[in-house]
Trainee: 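I have a structure here, written as C-alpha cells, and I will follow up with some questions on it.
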Amino acid sequence: MKQVLVTGGMGFIGSHTVVSLMEAGFRPVIFDNLCNSSESVLEGIARITGVKPLFIRGDVTSAADLKALFTSHNIDAVIHFAALKAVGESSEKPLEYYRNNIGGLICLLEAMQEHGVRDVVFSSSATVYGSAAHMPVDEDTPLPAAMSPYGSTKQMGERILFDTGSFRSVCLRYFNPIGAHPSGHIGELPLGVPNNLVPYVTQAAAGLRKALTIFGDDYHTPDGTAVRDYLHVMDLAEAHVAALNRLQQVQDRPHWEVFNLGTGNPVSVKTLVETFERVNGVPVPKVMGARRQGDVPELWANPGRAKQVLGWTAKHSLEEMLRDAWNWQQKLAQ
C-alpha cells in the first residue's frame with residue numbers, strides 16, 4: 001500500500017481524490033496551506049471513509065516545509081494539485097501566479113529529487129489549449145500561446161516535467177470539474193466570491209448571491225454562450241488513481257505522458273444553468289455580462305487516449321453532476 005503525498009489535498013479536486021485514494025488502498029498525506037480551503041474538509045473525508053487522513057499544513061513554495069515533510073514521512077509518489085487557479089485573477093496578479101504555480105512546482109520537484117521520489121501526477125488544465133482551431137481537442141493538438149498567466153503556468157509545468165529527466169510523470173489536463181461527493185460531505189468550497197461557474201450557480205440559487213452573471217452571450221456558439229466540457233469531480237478523482245496505477249506499470253525512466261480528462265460532450269453555459277433549474281426544481285437569478293478576459297468561446301475534449309491507456313472514462317451525467325452540486329450546497333446550509 002503506497003503512501004501518496006497530495007499537495008493541495010484540502011481543495012475541491014484534491015479532497016475528492018483523497019477519498020478515491022483511500023478507497024483504493026493508498027495512504028494519502030495531505031499537504032496544504034489552506035489559502036483557499038478549510039480544515040473542516042478533514043471531517044467530511046472522515047465521514048465518507050471512516051478514517052481521518054493525515055494532514056500537514058505547509059506551503060509548496062517553502063523548501064523548509066517540504067524538507068520537513070519528506071524527512072518525516074516515507075513518500076512513494078506525489079499528486080500535485082497545489083496551485084492558484086483563477087483565469088481572470090491570474091491576469092490581475094501574474095507574478096503571484098508564477099511565483100506560486102511555477103516556483104512551487106520547482107520546489108516540490110527539488111525536494112522529491114533529494115529524497116528519491118520519482119513518481120508524480122501533475123494537475124494540468126485544458127486551458128493549455130487556448131482558443132484551439134478545431135474541436136474536440138486531443139493531446140496532439142498544438143499548444144498555442146496561452147491566453148492567461150494561469151494557462152502559461154500549466155503549459156510551463158508540463159514542460160518542466162518533460163525536460164526533467166529523473167521523474168516518471170503523468171500530466172492530467174482537466175476540462176471543467178463540477179459536482180460534489182454524492183454523500184454531500186465534501187464539495188467545492190471557495191473562499192470569497194467563486195471564480196468557477198457551478199458554485200456561483202448554487203449560491204445564486206440558494207439566495208447567497210444576488211444573481212449569476214453569465215460572461216458573454218455573443219460568442220459564435222449555438223446559443224451565444226461559452227461552451228465547455230463538464231465532468232463529475234468523482235470521475236476526475238478516479239482518474240488520479242488510474243494515473244498512479246499507470247506509473248506503477250511503467251518501468252522506463254524518464255517517463256512523461258499527458259491525458260485529457262473530460263466527457264467529450266460540449267455543453268453551453270446557458271444549457272448548464274437550464275439543466276440545473278430543471279433537475280433541482282429551483283430557479284437561478286441571472287444577468288448577462290460582458291466577456292471575461294482569458295475565456296475562450298468553446299473547448300471540449302477527445303478523451304480517447306485516457307480510455308485506451310488508463311482504462312478511464314467519465315461515467316456521470318450532467319444531471320448527476322448538478323444534483324450533487326446542489327445537494328452539497330443545501331448541506332452547507334444545515
Trainee: Could you go through the side-chain hydrogen bond (donor to acceptor under 3.5 Å, both in side chains) check for Ser166 and Gln113 one step at a time?
Mentor: CA-CA 8 Å; Ser166 57; Gln113 196 166 52; 2.9 Å; yes
Trainee: Measuring from Glu188:CD to Leu197:CG, what's the distance to the nearest 0.5 Å?
Mentor: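 The CG atom of Leu197 is 10.0 Å from CD of Glu188, to the nearest 0.5 Å.
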Trainee: Checking Thr49 against Glu23: is there a side-chain donor and acceptor pair closer than 3.5 Å?
Mentor: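 No - no donor-acceptor pair under 3.5 Å links their side chains.
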Trainee: Can you tell me how far apart CZ (Phe31) and CG (Asp59) are? Round to the nearest 0.5 Å.
Mentor: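 Rounded to the nearest 0.5 Å, the CZ-CG separation comes to 6.5 Å.
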Trainee: Would you please say whether a donor-acceptor pair under 3.5 Å links the side chains of Ser20 and Glu238?
Mentor: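 No - no donor-acceptor pair under 3.5 Å links their side chains.
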Trainee: Side chains of Leu21 and Val6: closer than 4.5 Å at any heavy-atom pair?
Mentor: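 A side-chain contact exists here, since the closest heavy-atom pair is under 4.5 Å.
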Trainee: Is there a side-chain contact between Pro297 and Val227 in this structure, where contact means two heavy atoms from C-beta onward sitting under 4.5 Å apart?
Mentor: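 In short, these two side chains do not touch, never coming nearer than 4.5 Å.
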Trainee: Near Lys307 NZ, under 6.0 Å, is it more than 12 heavy atoms from other residues, nucleotides or ligands?
Mentor: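 Open.
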Trainee: How long is the straight-line distance from CZ of Arg27 back to CG of Asp76, given to the nearest 0.5 Å?
Mentor: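 Asp76 CG to Arg27 CZ: 7.0 Å, rounded to 0.5 Å.
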Trainee: Under a plain distance cut-off of 3.5 Å, with no hydrogens placed, do His80 and Thr7 share a side-chain donor-acceptor pair?
Mentor: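 The criterion, which ignores hydrogens and geometry beyond distance, is satisfied for His80 and Thr7.
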Trainee: Nearest 0.5 Å, please: how far is CG in Leu161 from CZ in Arg159?
Mentor: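 Going from CZ on Arg159 over to CG on Leu161, the span is 11.5 Å.
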Trainee: How long is the span from the CG atom in Leu299 to the OG atom in Ser131, to the nearest 0.5 Å?
Mentor: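 Here the rounded value is 8.5 Å.
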Trainee: We want to know whether His255 and Glu257 form a side-chain donor-acceptor pair, criterion being a heavy-atom distance below 3.5 angstrom.
Mentor: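 Yes - a donor-acceptor pair under 3.5 Å links their side chains.
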Trainee: Heavy-atom distance under 4.5 Å between the side chains of Tyr219 and Asp295, does that happen here?
Mentor: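 Side chain of Tyr219 against side chain of Asp295, heavy atoms only: contact under 4.5 Å found.
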Trainee: Hey, are the side chains of Val4 and Leu244 touching, using non-hydrogen atoms and a 4.5 Å cut-off?
Mentor: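 A side-chain contact exists here, since the closest heavy-atom pair is under 4.5 Å.
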Trainee: Could you tell me if the side chain of Ser38 sits less than 4.5 Å from the side chain of Leu189, heavy atoms only?
Mentor: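 Leu189 reaches Ser38 side chain to side chain.
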Trainee: Report the residue from Tyr174, Phe122, Phe259 that forms a ring pair (Phe, Tyr, Trp, His ring centres under 6.0 Å) with His240.
Mentor: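 Result: among Tyr174, Phe122, Phe259, Tyr174 is the only option passing the ring pair (Phe, Tyr, Trp, His ring centres under 6.0 Å) with His240.
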Trainee: For residues Pro149 and Ser91, determine if any side-chain heavy atom of one lies less than 4.5 Å from a side-chain heavy atom of the other.
Mentor: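 Touching, per the 4.5 Å side-chain cut-off.
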Trainee: Using side-chain heavy atoms (C-beta onward) and a distance below 4.5 Å, is Ser123 in contact with Ile79?
Mentor: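 Result no, sub-4.5 Å side-chain heavy-atom pair not found.
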Trainee: Just checking Lys286: does its NZ atom have more than 12 heavy atoms from other residues, nucleotides or ligands closer to it than 6.0 angstrom?
Mentor: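 Yes, enclosed.
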Trainee: Quick one: does Tyr98's side chain get under 4.5 Å of Leu84's, heavy atoms only?
Mentor: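 No, too far: nothing below the 4.5 Å cut-off.
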Trainee: Ring centres of Trp326 and Phe276 under 6.0 Å apart?
Mentor: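 Distance test on ring centres: under 6.0 Å, yes.
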Trainee: Give the intermediate values and the outcome of side chain to side chain contact (heavy atoms under 4.5 Å, CB included) for residues Ile75 and Phe70.
Mentor: CA-CA 7 Å; Ile75 302 298; Phe70 278 93; 4.0 Å; yes
Trainee: Looking only at side-chain N and O atoms, does His181 offer a donor or acceptor that is under 3.5 Å from a partner on Asp324?
Mentor: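 Looking only at side-chain atoms, His181 and Asp324 do not form any donor-acceptor pair under 3.5 Å.
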Trainee: Rounded at 0.5 Å granularity, tell me how far CD1 in Ile56 sits from CG in Leu69.
Mentor: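 Here the interatomic distance stands at 4.5 Å.
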Trainee: Does a donor on one side chain sit under 3.5 Å from an acceptor on the other, for Asp223 and Ser268?
Mentor: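 Present: a donor and an acceptor within the cut-off.
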Trainee: Taking atom NZ of Lys331 as the centre, report whether more than 12 heavy atoms of other residues, nucleotides or ligands fall under 6.0 Å from it.
Mentor: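 Yes, enclosed.
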Trainee: Indicate the ring-plane relationship of Tyr150 and Tyr97, choosing parallel, tilted or perpendicular according to the 30° and 60° boundaries.
Mentor: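 Answer is perpendicular, since the angle exceeds 60°.
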